[in-house]
Amino acid sequence: MTLIRLCCLMVMTAALMAGCNAQKAIEAMAPQEEAAQGQQVIAQLAARDFASVQAHLDPTLQTPATAAQLVEVANHIPAGTPKHVQLIGFNTLHQKTGVQYSFAYEYEYDDQWMVAQVMFYRKAGQLLIAGVHVNPMAQSERAVHAFSLAGKGPLHLLMLGLSVLVPLFILTTLVICYRTPVPKRKALWYLFIAVGLVQFTLNWTSGAINVQLLAFLVLGAGFMQGSAYTPLLLSVALPVGAVVFLLKRRSWLAAPASAAVQDVPAQG
């Protein structure tokens with residue numbers, strides 16, 4: 001249990017720092033005018049100002065069913081004024097015909113949350129709404145994707161333990177390599193030992209695991225989290241180089257002893 005607590009503390013600290021830095025980057029890099037316009041669209045739907053929304057809707061989306069669809073979206077928006085609105089993601093795609101934008105926001109209300117996505121298309125200087133989606137939630141996205149052992153199974157614990165043990169094993173092997181008289185190409189052995197091969201990546205939120213056969217991971221472990229509002233991806237790779245080196249080392253160390261035995265003259 002001590003090892004598990006240590007692993008949790010290390011990953012939690014690293015994930016918290018990475019998530020905070022990623023969130024600051026999102027807020028700094030997002031196109032401010034378009035991001036503000038996205039919030040305005042949600043506000044107009046919440047106020048049931050459908051005419052203003054339709055006035056800026058992409059003409060290709062204007063159909064006889066549009067009005068009813070906007071009402072359906074508005075019905076999923078919680079009542080009341082949101083306590084807090086946070087931009088949690090964005091994407092910008094430049095094309096020859098124009099620029100596409102996608103923004104994701106988290107809205108906090110008194111007793112529930114909502115994630116809203118607004119998509120725009122800028123063509124000939126005009127910003128048009130290309131889509132709106134809202135999803136009421138019982139808890140915040142930050143809570144959904146928070147690093148925790150609650151409700152996690154053996155696979156989560158195994159990956160968590162390996163994410164600490166594999167780098168320690170690789171680092172220890174690198175030290176052993178430094179102290180070992182390697183016959184030739186010692187620098188290449190350092191590189192071979194330092195990377196893990198065949199990568200296993202666990203989505204900490206969903207428990208889904210992905211295997212990449214052709215993958216290299218420095219020190220055999222790592223994690224990635226786009227922001228505090230996205231899943232933590234924990235990766236571990238097999239320390240093939242370290243294992244191969246230790247096996248070869250046994251033969252290297254045994255070779256001088258064998259040679260010494262052969263050099264002993266026979267007694268007549």
Side-chain angles (χ1 to χ4, degrees), residues 1-30 35 38-39 42 76-91 102-118 133-168 196 199-212 215 217-237:
M1 291 301 292
T2 302
L3 176 60
I4 293 177
R5 291 193 185 97
L6 176 61
C7 295
C8 288
L9 181 60
M10 294 174 62
V11 175
M12 188 180 300
T13 302
L16 181 61
M17 294 177 62
C20 291
N21 292 336
Q23 184 58 40
K24 290 180 180 179
I26 289 174
E27 296 171 358
M29 297 174 61
Q39 290 191 43
I42 299 301
H76 287 85
I77 299 177
T81 303
K83 297 166 58 177
H84 181 69
V85 180
Q86 178 70 58
L87 176 67
I88 60 175
F90 79 96
N91 183 52
S102 177
F103 300 95
Y105 311 88
E106 182 180 75
Y107 286 72
E108 180 185 357
Y109 295 86
D110 288 333
D111 56 353
Q112 67 179 122
W113 284 260
M114 178 185 73
V115 173
Q117 183 181 21
V118 182
H133 303 283
V134 298
N135 182 29
M137 302 181 66
Q139 58 182 337
S140 71
E141 284 285 279
R142 182 186 288 267
V144 170
H145 300 300
F147 180 79
S148 170
L149 290 179
K152 307 305 179 185
L155 180 60
H156 288 80
L157 299 180
L158 175 63
M159 289 288 290
L160 184 60
L162 290 176
S163 68
V164 174
L165 294 177
V166 169
L168 289 177
Q199 180 174 310
F200 300 83
T201 301
L202 175 71
N203 182 315
W204 193 261
T205 301
S206 67
I209 192 163
N210 179 58
V211 180
Q212 292 179 276
L217 191 60
V218 177
L219 295 183
F223 76 93
M224 180 179 68
Q225 188 172 25
S227 74
Y229 300 91
T230 58
L232 172 71
L233 302 178
L234 188 63
S235 298
V236 175

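For clarity, every value in this text was computed on a predicted model and none was experimentally measured.
- Here the closest non-hydrogen pair linking His145 and Tyr229 is CD2-O, 3.1 Å.
- Classified by interplanar angle (parallel below 30°, tilted 30° to 60°, perpendicular above 60°), the ring pair His156/Trp204 is perpendicular.
- Ile209 CD1 to Leu155 CG: the interatomic distance, rounded to the nearest 0.5 Å, is 5.0 Å.
- For residues 76-89, the salt bridge (charged side-chain N to carboxylate O under 4.0 Å, His left out) pairs, not counting sequence neighbours, are Lys83-Glu108.
- What you find for Ala35 and Phe103 is that their closest heavy atoms are N-CZ, 3.6 Å.
- Between the CE atom of Met114 and the CE atom of Met137 there is a distance of 11.5 Å, given to the nearest 0.5 Å.
- At a threshold of 4.5 Å between non-hydrogen side-chain atoms, the residues Asn203 and Asn210 do not count as touching.
- Here CG of Leu234 is found 11.5 Å from CE of Met224. Values are rounded to the nearest 0.5 Å.
- The minimum heavy-atom distance between Ile42 and Ile77, with the atom names listed, is O-CD1, 4.1 Å.
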Exercise for the section: Take Tyr105 and Val134 through the side-chain contact (heavy atoms from CB on, under 4.5 Å) test and state the conclusion after the steps. Expected result: CA-CA 9 Å; Tyr105 311 88; Val134 298; over 6 Å; no
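- Residues Val115 and Glu141 share a closest heavy-atom pair of CG2-CG, 3.5 Å.
- Distance CZ/Arg142 to CD1/Ile88: 10.0 Å, rounded to 0.5 Å.
- Looking only at side-chain heavy atoms (C-beta outward), Trp113 and His84 stay at 4.5 Å or farther from each other.
- Considering only residues two or more places apart in sequence or on other chains, His133 meets the ring-ring contact (aromatic ring centres under 6.0 Å, His included) condition with none of them.
- The two residues Ala237 and Val166 come nearest to each other via the heavy atoms O-CG1, 3.7 Å.
- Distance check: Gln199 CD to Leu217 CG gives 5.0 Å after rounding to the nearest 0.5 Å.
- Residues Pro167 and Val164 share a closest heavy-atom pair of CD-O, 3.3 Å.
- Between atom OG of residue Ser163 and atom CG of residue Leu219 there is a gap of 12.5 Å, rounded to the nearest 0.5 Å.
- Contact annotation: the side chain of Ser140 approaches that of Glu106 to within less than 4.5 Å [non-hydrogen atoms, C-beta and beyond].
- The backbone N or O of Thr230 sits less than 3.5 Å from a side-chain atom of Gln225, completing a donor-acceptor pair.
- Between Lys152 and Leu160, every side-chain heavy-atom pair lies at or beyond the 4.5 Å cut-off.
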